[in-house]
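Everything quoted here is computed from the prediction, not taken from an experiment.
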Amino acid sequence: MIQCARQPGLAQIWEDILGFENCEFYIKRWPQLVGMQFEDVLISFPDAVPCGIKMASYGGKIILNPDDCYVLQEGDEVIVIAEDDDTYTPAPLPKVKEAVYIDIVRHERNSQKILLCGMRRDIDDMIVVLDAFLAPGSELWMFNDVAEIDRERKLIEGGLDFSRLENITLVHREGNAVIRRHLESLPLESFDSILILADESVEDSAIQADSRSLATLLLIRDIQAKRLPYKEAIGSDGFRRSLSEGSWMGEMQQASDKSVIISEILDPRTKNLLYMSKISDYVLSNELVSMALAMVAEDRQINYVLEELFAEQGNELQIRQSDLYLREDEELNFFEVMLRARQRKEVVIGYRLEDAERAIINPPDKVSRRRWSPKDVFVAIAEKE
């Protein structure tokens with residue numbers, strides 16, 4: 001949930017990778033690749049994306065996103081993202097353009113202002129993870145109907161040590177997240193991200209928990225829309241008109257451009273409402289956990305891969321703007337984009353085009369060149385910044 005709150009669109013990508021209908025992780029040994037550097041292994045599979053190595057030495061240690069110069073040893077296995085275990089095999093190296101170096105200055109992380117709506121038993125763990133992810137000087141606002149003194153007691157009993165929080169300052173607010181008057185007391189237009197949790201008071205009923213989350217979402221978006229400055233839109237006939245002119249949903253979508261809201265939902269049927277509205281991202285927490293357990297049950301080695309991708313340290317899935325890898329009006333195929341990404345020690349595993357609703361992981365055509373749009377984004381495995 002925290003990763004998805006920081007990167008809109010990531011929830012759908014995790015849903016695709018953890019589900020068994022699209023591409024997922026596989027680990028297999030390929031003797032013909034022994035002696036090759038990882039940089040070459042990376043573009044050896046037309047139907048898969050290599051993203052790591054399981055070393056034969058060091059007790060089968062798994063390394064995600066290894067160095068380009070790592071040479072595959074006898075007994076090493078390659079971790080890939082592919083459609084199925086029997087749908088990929090190495091092929092001769094494709095002809096690619098030499099990767100021209102693009103010097104991108106890494107910007108310092110900015111402090112953020114995050115709102116947590118709702119209370120759950122493991123919220124103390126979420127606070128620890130947020131403290132690890134966020135930049136120094138960030139604020140974490142907690143808004144729920146638990147009295148502040150009881151809230152702090154629950155956090156301490158859960159194992160939270162307030163003195164060890166380095167990057168965030170906790171701000172407590174008491175209120176009911178489905179009462180508009182209580183929500184209006186918050187500076188909702190100023191938050192970078194808002195996480196709406198399935199509150200522990202109604203967690204026994206998925207429908208009731210989701211109904212509460214949806215009510216909170218709609219109230220927050222409506223309050224944000226009313227507080228945002230007037231915005232005009234150009235209609236198909238060329239005339240200017242306000243988004244609010246007969247378009248309540250238009251106001252909501254305008255508000256969604258200003259801040260990210262992640263709603264935790266428990267019932268898979270609820271996601272259709274959120275998906276159609278386009279006013280919030282969502283995380284199907286129960287379903288994602290079930291998917292991850294099923295994947296590990298099929299191949300327990302995958303647990304080490306997921307463990308790192310979900311941890312506060314190491315590598316994670318990230319959504320990258322195209323200008324990190326491409327110059328304007330440049331034509332590259334997917335293999336060439338992958339090699340560009342290696343200059344930043346990142347493994348690109350897919351992309352989402354400007355006008356597309358969903359990302360494509362492990363694209364089937366990796367050799368046809370295309371002109372990418374500045375608004376296209378890429379999905380990469382990269383070290384946490």
Side-chain angles (χ1 to χ4, degrees), residues 3 7 10 13-20 22-30 33 36-56 58 60-73 76-85 87-91 93-94 96 99 291-292 295-296 298-311 313-320 324-325 333-352 359-364 366 377-385:
Q3 287 185 5
Q7 302 185 82
L10 197 58
I13 294 164
W14 268 120
E15 197 175 312
D16 285 351
I17 291 176
L18 292 177
F20 289 94
N22 298 292
C23 292
E24 56 265 358
F25 293 105
Y26 293 100
I27 303 178
K28 191 184 290 188
R29 185 177 305 169
W30 299 97
L33 299 181
M36 290 179 62
Q37 292 189 336
F38 182 73
E39 183 179 30
D40 291 329
V41 173
L42 194 67
I43 57 174
S44 293
F45 293 89
D47 301 305
V49 177
C51 55
I53 301 294
K54 181 186 177 186
M55 303 172 68
Y58 300 102
K61 180 181 180 182
I62 283 179
I63 301 178
L64 287 179
N65 188 14
D67 293 332
D68 280 346
C69 59
Y70 179 83
V71 178
L72 255 68
Q73 306 297 315
D76 282 357
E77 298 177 62
V78 182
I79 305 166
V80 305
I81 294 177
E83 188 175 345
D84 212 336
D85 189 39
T87 60
Y88 69 100
T89 188
L93 291 178
V96 293
M291 287 176 175
M295 184 174 284
V296 172
E298 184 173 314
D299 185 354
R300 66 179 187 178
Q301 302 174 99
I302 302 299
N303 185 51
Y304 299 104
V305 177
L306 299 180
E307 194 174 59
E308 177 168 344
L309 291 174
F310 285 138
Q313 304 298 325
N315 290 275
E316 68 174 345
L317 286 187
Q318 297 191 15
I319 295 176
R320 298 299 205 190
L324 287 182
Y325 312 131
N333 63 31
F334 188 73
F335 276 139
E336 290 162 346
V337 173
M338 292 174 73
L339 293 179
R340 283 280 177 87
R342 294 307 297 167
Q343 297 172 2
R344 297 170 53 87
K345 207 198 168 188
E346 300 177 356
V347 177
V348 170
I349 64 171
Y351 59 81
R352 187 180 70 233
I360 298 173
I361 304 301
N362 180 30
K366 298 181 177 66
V377 296
F378 292 95
V379 184
I381 294 176
E383 292 186 358
K384 295 173 180 64
E385 297 175 348

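Considering all non-hydrogen atoms of both residues, Asn362 and Ala82 come closest at ND2-CA, 3.7 Å. The two residues Phe334 and Gly350 make their nearest non-hydrogen contact at CZ-N, 3.7 Å. Residues Tyr70 and Met55 come closest through the heavy atom pair OH-CG, 3.7 Å. Minimum heavy-atom separation, Tyr325 to Ala380: OH-CB, 3.8 Å. The minimum heavy-atom distance between Asp68 and Arg342, with the atom names listed, is OD1-NE, 2.6 Å. For Leu42 against Phe335, the heavy-atom pair with the smallest separation is O-CE2, 4.4 Å.
Within a 6.0 Å sphere centred on NZ of Lys61, heavy atoms belonging to other residues, nucleotides or ligands number 12 at most. Remark: Tyr304 OH is loosely packed, at most 12 non-hydrogen atoms of other residues, nucleotides or ligands lying under 6.0 Å away.
With salt bridges taken as basic N to acidic carboxylate O contacts below 4.0 Å, one links Glu346 and Arg320. One finds no salt bridge joining Asp47 and Lys366 here, because no Lys/Arg side-chain nitrogen approaches an Asp/Glu carboxylate oxygen to under 4.0 Å.
Counting heavy atoms from C-beta on, the side chains of Val379 and Arg352 never come closer than 4.5 Å. Residues Asp76 and Leu33 form no side-chain contact, since every pair of their non-hydrogen atoms from C-beta on lies 4.5 Å or further apart. Using a 4.5 Å cut-off on side-chain heavy atoms (C-beta onward), Gln301 and Phe25 make no contact. The side-chain heavy atoms of Gln7 and Gln318, taken from C-beta on, include a pair separated by under 4.5 Å. You'll find the side chain of Val305 stays beyond 4.5 Å of the side chain of Met295, heavy atoms only. Leu317 places a side-chain heavy atom less than 4.5 Å from the side chain of Ile381. Counting only heavy atoms from C-beta outward, the side chains of Asp67 and Phe38 never approach each other to under 4.5 Å. Residues Leu306 and Trp14 have side chains in contact (heavy-atom distance under 4.5 Å, counting atoms from C-beta outward).
In this structure, CD1 in Ile53 is found 10.5 Å from CD1 in Ile27, a value given to the nearest 0.5 Å. The CH2 atom of Trp30 lies 11.5 Å from the CD atom of Glu77; values are rounded to the nearest 0.5 Å. Atoms CG and CD, on Leu324 and Gln343 in that order, are 11.5 Å from each other to the nearest 0.5 Å. Taking CG of Leu64 as the start and CD of Glu307 as the end, the distance is 11.0 Å to the nearest 0.5 Å. Note: Ile63 CD1 to Ile79 CD1 = 9.0 Å, rounded to the nearest 0.5 Å. Of the inter-residue distances, the one linking Met291 atom CE with Ile17 atom CD1 reads 11.5 Å to the nearest 0.5 angstrom.
Exactly one of Val347, Ile361, Val348 qualifies for a side-chain contact (heavy atoms from CB on, under 4.5 Å) with Val49. That residue is Val347. Exactly one of Val80, Ile81, Val78 qualifies for a side-chain contact (heavy atoms from CB on, under 4.5 Å) with Tyr88. That residue is Val80.
In this structure, Tyr351 and Phe378 have perpendicular ring planes: the angle between them is above 60°, well past the 30° mark.
Between the side chain of Asn333 and the backbone N or O of Val96, no donor-acceptor pair lies under 3.5 Å.
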Fill in: Evaluation steps, side chain to side chain contact (heavy atoms under 4.5 Å, CB included), between Leu93 and Met36
CA-CA 11 Å; Leu93 291 178; Met36 290 179 62; 4.2 Å; yes
